[in-house]
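Just below is one structure, and these are the notes that go with it.
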Protein chains: 2
Amino acid sequence: MNAEMLKGHLDTVILATLERGAAHGYAVIEEIRRRSGGHFDLPEGTVYPALHRLELAGLLASDWVDPPAGRRKRVYALTAAGRDALGERRTGWAEFARAVGAFLEPGSA
Amino acid sequence: MNAEMLKGHLDTVILATLERGAAHGYAVIEEIRRRSGGHFDLPEGTVYPALHRLELAGLLASDWVDPPAGRRKRVYALTAAGRDALGERRTGWAEFARAVGAFLEPGSA
DNA sequence: GCTTAATACCTAGTGTTGCTAGGGTATAGC
DNA sequence: GCTATACCCTAGCAACACTAGGTATTAAGC
């Protein structure tokens with residue numbers, strides 16, 4: 001499954017991934033792959049622009065971190081607004097999933 | 001809720017709507033609104049192109065019907081390929097919904 | 001008779017968004 | 001030196017839902 005299906009929900013998934021703690025972009029990709037059981041294997045060209053978008057929207061904040069070894073990492077964390085947005089998106093997803101389910105579940109009226 | 005969230009799933013919803021019987025475009029819009037409990041109130045500019053797309057893809061077939069009163073209607077029905085596609089999409093939705101749920105449900109690992 | 005609303009169809013252009021394809025830097029292993 | 005992996009980025013493409021317009025038919029209200 002690629003992320004085309006995620007259209008409109010990728011931001012939600014990214015916010016939820018960062019809910020447990022800050023992480024850099026590459027780690028976000030790996031965590032999404034891990035937590036989705038391999039369903040969402042997102043290319044960098046999908047995730048990095050999404051992170052920038054979310055930061056521009058004020059839902060994430062980033063800091064450059066210079067580790068003793070390895071190259072610089074840009075670490076993203078949820079802002080207060082990001083946490084609020086995640087709450088709304090959680091509710092929105094539940095409604096959405098229920099509505100779509102109403103079409104796909106047999107015996108629905 | 002508009003259909004932006006539906007991105008990538010609108011076709012599935014339309015196919016499911018037509019699963020119970022053929023219908024014309026305008027009726028599809030009303031049925032989707034009704035069955036979603038008002039959640040999906042889709043503009044014509046969203047649904048008509050989607051119907052054309054699905055017909056082009058061979059998942060729907062249309063017939064013009066000239067009723068004794070009122071203007072001509074274009075009635076869409078699922079093809080065999082459409083029925084197959086709906087089956088696949090039903091499975092795909094279940095996987096997708098479960099995967100997204102893994103991010104949004106509290107206590108998920 | 002005229003206007004409005006509802007039914008019913010359509011399309012051109014726009015904006016968002018995920019993807020492809022590429023490029024760059026740093027570290028480790030062969 | 002070469003390759004693989006970790007880590008960052010962008011330009012351009014394609015898909016798709018939406019906006020904003022258009023047309024035709026019928027019935028209701030004035």
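Here is the naming used below: chain letters follow the sequence lines, and residue numbers restart at 1 for every chain.
- Ring-plane geometry between B:Trp93 and B:His9 is classed as perpendicular, the angle between the planes exceeding 60 degrees on a 0 to 90 degree scale with a lower cut at 30.
- What separates CG of B:Leu42 from C1' of D:dT19 is a distance of 14 Å, to the nearest Å.
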At under 4.0 Å between heavy atoms, which parts of nucleotides 7-17 of chain C does protein reach? Answer with one letter per nucleotide, 5' to 3': B base, S sugar-phosphate only, - none.
BBBBB---BBB
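- Per the geometry, CD1 belonging to A:Ile29 stands 13 Å off C1' belonging to C:dG18, to the nearest Å.
- Two residues are said to be in side-chain contact when any heavy atoms from C-beta on lie closer than 4.5 Å; A:Thr46 and A:Ile29 fail this criterion.
- Residue B:Glu19 is tested with B:Arg83, B:Arg89, B:Arg90 for a salt bridge (Lys or Arg N to Asp or Glu O under 4.0 Å); the sole match is B:Arg90.
- Residues A:Leu86 and A:Leu59 are not in side-chain contact: their nearest non-hydrogen atoms beyond the backbone lie 4.5 Å or more apart.
- Side-chain N/O atoms of A:Thr17 and A:Glu31 include no donor and acceptor closer than 3.5 Å.
- Atom CE in B:Met5 sits about 12 Å away from atom P in D:dC18, given to the nearest Å.
- For the side-chain contact (heavy atoms from CB on, under 4.5 Å) test, residues two or more places apart in sequence or in another chain that qualify with B:Ala22 are B:Val75, B:Ala77.
- With rounding to whole Å, A:Asp66 atom CG is found 20 Å from D:dA6 atom P.
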